[in-house]
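One structure is given below, encoded as structure tokens.
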Amino acid sequence: MYRTLHSSLGPPKQRLGESHSDVLVTGTDLFGARFEEKGKDIRQTEQGFSFSLYRPVAEKAILQINLHPDCPETPCWVTAVIVHAKERFDGMQTVDVRLLPLH
């Protein structure tokens, strides 16, 4: 699955560039409400990848993430678990996620 994620993000220069800087995230927030929000600034990490969200989320929560939200003809949904969520001074959270295996 990691290989699929890696190839879905595109070539290394595009991964962190403007063309792939957003993901569409759906899940349940810190208060139990369902949400859908665009995550910004996607980056690969050792465990998976990270992005920024305004919605407060909790560690160990499950998220559905569309890696290509601007291409409705080729959606790429993955399921991930939040391994770390860090508050920032600008009101956003940096959310680190790890992909869950396909069943």
| field | Within one Ile-Leu-Val-Met-Phe-Trp-Tyr cluster: Val95 and Met92, side-chain cutoff 4.5 Å | value | no

| task | Could you walk me through whether His84 and Glu59 pass the side-chain contact (heavy atoms from CB on, under 4.5 Å) test, one step at a time? | result | CA-CA 6 Å; His84 186 22; Glu59 292 179 3; 3.0 Å; yes

| task | Evaluate the side-chain proximity of Val78 to Leu67: yes if any heavy-atom separation is below 4.5 Å, no if none is. | result | yes

| message | Nearest 0.5 Å, please: how far is CG in Asp29 from CZ in Phe35? | response | 6.5 Å

| task | Could you check Phe51 against Asp41 for side-chain contact (heavy atoms from CB on, under 4.5 Å), going step by step and ending with a plain yes or no? | result | CA-CA 5 Å; Phe51 48 86; Asp41 303 323; over 6 Å; no

| said: Would you say Arg88 and Ser52 are linked by a side-chain donor-acceptor pair, where the criterion is simply a distance under 3.5 Å? | reply: yes

| Minimum heavy-atom separation for His68 to Thr74, with atom names? | CB-O, 3.9 Å

| query | For Val57 and Phe31, what are the C-alpha separation, side-chain angles and deciding distance, and is it a side-chain contact (heavy atoms from CB on, under 4.5 Å)? | reply | CA-CA 8 Å; Val57 292; Phe31 308 106; over 6 Å; no

| field | Heavy-atom pair of closest approach, residues Arg55 and Gln93 | value | O-OE1, 3.4 Å

| said: Using a 3.5 Å distance criterion without hydrogens, assess whether the side chain of Glu37 forms a donor-acceptor pair with backbone atoms of Leu53. | reply: no

| Between Val97 and Phe49, is a side-chain contact (heavy atoms from CB on, under 4.5 Å) present by the stated rule, with each step listed? | CA-CA 6 Å; Val97 297; Phe49 60 99; 3.8 Å; yes

| field | Non-hydrogen atoms of Gly27 and Leu63 that approach each other most closely | value | CA-CD2, 4.0 Å

| message | Tell me whether Asp70 is salt-bridged to Lys38, with the criterion being a basic N under 4.0 Å from an acidic carboxylate O. | response | yes

| query | CG of Leu24 to CD of Glu36: how many Å apart, nearest 0.5 Å? | reply | 4.5 Å

| Heavy-atom pair with the smallest gap, counting every atom of Ala58 and Ile82 | O-CD1, 3.4 Å

| field | For Val25 against Gly39, the heavy-atom pair lying closest together | value | CG2-N, 4.3 Å

| task | Assess the side chains of Thr79 and Gln64: does a donor N or O sit below 3.5 Å from an acceptor N or O? | result | yes

